[in-house]
Amino acid sequence: MTTVAESIIEALAQAGIRQVWGVVGDALNPLTDALRRQDGMDWVGVRHEEAAAFAAGAQAQLTGKIGVCMGTVGPGSIHLLNGLYDAKKSHAPVLAITGQVPSAEIGTEYFQEVANDKLFADVAVFAQAITSPGQLPHVLEQAVNAAYARRGVAVLTLPGDVGDLDLPTGTATARFLPSAVPPTSSPESVATAAAVLSERDPAVTLLVGVGAREARQEVLELADLLAAPMILTLKAKEGLERDNPFQIGQSGLIGNPSTATAMEGCDVLVLIGTDFPYRDFYPEGKTVIQLDIDGSHIGRRTQVDHVLIGDAKTTLRQLLPALTRRTDRSHLHTCLEEYAGWRASQSALLDPNHDHSLTGKVRATLDNPDDRIRPEVVAAAIDHNAPEDTIFTSDTGMSTVWLSRFVTMRGTRRLLGSYNLGSMANAMPQALGAQALDRTRPVAAFCGDGGLMMLLGDLRTAVTYQLPVRLIVFNNSRLGMVKLEQEQGGLPEFGTELDNPDLAAVAAAMGLASRRVTDPNAVDEAVGWAFAQPGPVLLDVVTNPDEIALPPQLKVAQAWGFAIAKSTEFLASRT
């Protein structure tokens with residue numbers, strides 16, 4: 001006879017699932033025992049269920065295959081929530097199997113009882129409890145198929161007394177739906193867009209998101225035909241940044257001045273596969289064309305004049321033959337020249353001895369008075385030393401700023417982060433999930449010190465399962481993005497300082513190879529050393545907490561507030 005738990009694990013194994021992430025517990029015992037006996041599947045026991053959900057979500061994003069995590073009754077399930085919300089916001093198919101109290105005790109305020117149907121109502125595209133063997137395989141099929149079809153989180157709840165129940169003889173193993181054929185926008189919509197892009201030779205700017213990742217060749221051809229500068233969202237760096245003569249970096253808080261020029265200088269703005277959320281960075285008075293596979297994304301960030309609903313690749317293949325080549329390429333050249341100039345000014349900071357030069361000393365008086373390592377130097381060293389098949393993860397905040405500006409997604413590099421939810425503490429567990437897929441492929445995490453400390457216990461998970469992740473900590477003893485937000489509002493920083501231990505020593509105590517770096521001239525060698533280690537490694541780099549990273553369109557009020565805040569901080573620190 002086959003039990004409920006055995007049937008679930010067997011179906012997942014047949015679907016190609018190789019790891020399940022979580023923390024063991026009483027209601028999960030039938031599942032984890034079935035997993036123990038299942039060939040080709042591994043249990044990865046983490047120290048905190050949030051790390052399990054982040055890791056499963058990372059695997060789903062990298063492979064397109066469902067990621068699986070588990071949390072037991074009550075608190076164990078609750079701890080999954082943050083990582084599951086990240087999967088939801090990242091449109092990653094994830095199956096979360098959660099425990100529940102014994103069936104007879106449901107509704108009695110039993111020890112650790114939580115109403116899972118209410119708890120997961122917002123985060124899940126499908127949530128159901130298995131209360132009898134007769135629900136299989138149908139409920140499991142519904143859960144996984146919903147996660148795939150709606151690119152989100154499915155939650156199955158299993159009471160502690162149900163997993164060991166026998167299935168009726170002849171019960172089939174669950175089977176899951178194949179990938180759907182991507183839809184194409186209507187011919188009428190394509191023709192209208194082509195007319196707008198061809199009439200009167202308009203200046204065009206492209207804002208391209210991760211939804212166009214599989215349409216790289218088509219997007220490049222579109223930019224060439226239209227002589228259009230291409231602004232990439234952070235998630236679109238992967239796959240679209242390398243060997244792209246039209247791209248000018250990111251917009252928004254991590255952007256640069258050329259993206260503002262591209263937005264304001266265009267007649268037509270074309271959004272392709274993006275739900276870029278920052279309304280303040282969209283221009284006004286432009287004709288806007290939006291191409292997206294999800295109709296709910298249309299017009300929710302800026303007013304849209306012409307709509308294309310469909311897959312980016314197939315729709316652009318329809319559109320391209322209908323376009324004429326733009327002869328005036330001045331808009332593109334202006335933006336590219338400004339972008340090159342900005343990059344040159346940023347590259348000056350990459351010299352470890354920058355702050356000892358004549359101009360560097362002047363700047364350092366304001367933003368690096370203690371002569372600490374500039375984070376730009378660290379990011380550039382990682383870019384230089386990381387192989388071209390590296391998977392990068394980054395914590396939300398300043399770590400992401402430095403990755404965005406100084407790491408190029410060349411080769412087959414991949415990129416993961418909590419770029420929609422904006423959670424802290426995601427970089428390390430996402431790196432664990434990525435590394436577990438392939439222990440031979442390099443994985444590097446841009447960790448903020450605040451994020452790393454939040455889930456510090458799962459450093460040991462890397463050691464337990466010998467996952468050779470490279471964790472590079474930007475240790476500025478600050479919640480850096482919050483500090484910047486306060487200063488731009490005219491407030492001196494408050495509550496952002498972190499009393500960190502020696503993180504390299506902590507990592508060494510947990511079994512990782514580690515180094516602490518305080519000398520700017522030692523950064524490149526130390527990063528090279530980190531990538532050469534055979535097992536998990538942590539590099540604790542003490543960086544400048546006062547580094548200035550301003551958005552591309554700094555408003556007068558922000559600039560004035562920043563000046564006031566910095567003056568207040570300077571006086572307070574010197575009195």
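Note that the numbering runs from 1 along the sequence shown for the chain.
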With sequence neighbours left out, what residues match Glu525 under side chain to side chain contact (heavy atoms under 4.5 Å, CB included)?
-> Arg515, Trp529
So, Ser399 and Ser394: side-chain donor and acceptor under 3.5 Å apart, yes or no?
-> no
Distance only, no hydrogens: is a donor on one side chain within 3.5 Å (strictly under) of an acceptor on the other, for Ser423 and Asp86?
-> no
Distance-only side-chain donor-acceptor flag, Thr314 / Asp311, under 3.5 Å | yes
Is any side-chain heavy atom of Leu403 closer than 4.5 Å to a side-chain heavy atom of Leu415?
-> yes
Between Ile248 and Ala262, what is the shortest heavy-atom contact and its length?
-> CD1-CB, 3.6 Å
CZ/Arg216: more than 12 non-hydrogen atoms of other groups inside 6.0 Å | yes
Count the heavy atoms of every other residue, nucleotide or ligand shown that sit under 6.0 Å from CZ of Arg329, and state whether that count exceeds 12.
-> yes
With sequence neighbours left out, the residues meeting ring-ring contact (aromatic ring centres under 6.0 Å, His included) with His91 are His297
If the plane angle is over 60° it's perpendicular, under 30° parallel, otherwise tilted; pick one for Phe276 and Tyr278.
-> perpendicular
Residue set satisfying side chain to side chain donor-acceptor pair (under 3.5 Å) with Lys286, at least two apart, ordered chain then number -> none
State whether a side-chain donor-acceptor pair under 3.5 Å links Thr205 with His331.
-> yes
Do Glu218 and Arg317 have side-chain heavy atoms sitting under 4.5 Å apart?
-> yes
Electrostatic pair Asp243:Arg410 at N-O distance under 4.0 angstrom = no
So, for Leu206 and Val219, which heavy atoms are closest and what is the spacing to 0.1 Å?
-> CD1-O, 4.4 Å
Check side chain to side chain contact (heavy atoms under 4.5 Å, CB included) between Ala193 and all other residues, then give those that pass, not counting sequence neighbours.
-> Ile289, Leu308, Leu319
Determine the sole option in Leu232, Thr233, Ile231 for which the side chain to side chain contact (heavy atoms under 4.5 Å, CB included) test with Ser251 is passed.
-> Ile231
Which atoms form the tightest heavy-atom contact between Phe246 and Ala228, and what is the distance?
-> CB-O, 3.8 Å
Salt bridge present between Glu493 and Arg478 (N-O < 4.0 angstrom) | yes
Minimum heavy-atom distance between Thr315 and Val190, given as atom pair plus value = CG2-CG2, 4.2 Å
Distance-minimising heavy-atom pair for Leu336 and Gln247 | CD2-O, 4.2 Å
Give every residue pair that meets the salt bridge (charged side-chain N to carboxylate O under 4.0 Å, His left out) criterion with at least one member in residues 184-197, sequence neighbours excluded.
-> none
Presence of salt bridge, Asp546 and Arg372, under 4.0 angstrom | no
Measure across Gly295 and Ile309 and return the closest heavy-atom pair with its distance rounded to 0.1 Å.
-> CA-CD1, 3.7 Å
Can you sort out the partners of Val210 under side chain to side chain contact (heavy atoms under 4.5 Å, CB included), two or more places apart, ordered by chain and number?
-> Arg213, Lys235
